[in-house]
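Structure first, then comments.
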Amino acid sequence: MKNFRNIFPLLLLILYLGVYDGKVALLRGGHSVPVQVYPRDAESYPPDARQALEQGIRIRSQQHLQDILAFFLS
């Protein structure tokens, strides 16, 4: 349990692009409320892209976020 307490604050900083209420959303690890919900339906994507969103795409950097949003929101 001691190790978990040391790691937990870092988990809160992890961002994912995923699905919230059927929409593409930016989610923060450990939180149930999204940071941002986008107007695009997750169902509008091909199966592979939809599956990646449903599993959560971890955001590695600000540039990665911009690139992934450009793909999913264009």
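Predicted model, so just to flag it, every value in this text is computed and none were measured.
Separating the CG atom in Leu17 from the CD atom in Gln36 is a distance of 10.5 Å, to the nearest 0.5 Å.
With sequence neighbours left out, Val37 forms a side-chain contact (heavy atoms from CB on, under 4.5 Å) with Tyr20, Lys23, Ala25, Pro34.
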Derivation of the side-chain contact (heavy atoms from CB on, under 4.5 Å) call for Tyr16 and Leu26: CA-CA 6 Å; Tyr16 295 89; Leu26 185 61; over 6 Å; no

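Residues Val35 and Leu27 fail the side-chain proximity criterion, which asks for heavy atoms closer than 4.5 Å.
Pairs engaging residues 50-59 under the side-chain hydrogen bond (donor to acceptor under 3.5 Å, both in side chains) rule: none recorded [sequence neighbours left out].
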Acceptor/donor pairs from residues 62-72 side chains to any protein atom, 3.5 angstrom cut, sequence neighbours excluded:
{"unit_1": "Gln63", "atom_1": "NE2", "unit_2": "Asp67", "atom_2": "OD1", "d": "2.8"}
{"unit_1": "His64", "atom_1": "ND1", "unit_2": "Arg60", "atom_2": "N", "d": "3.2"}

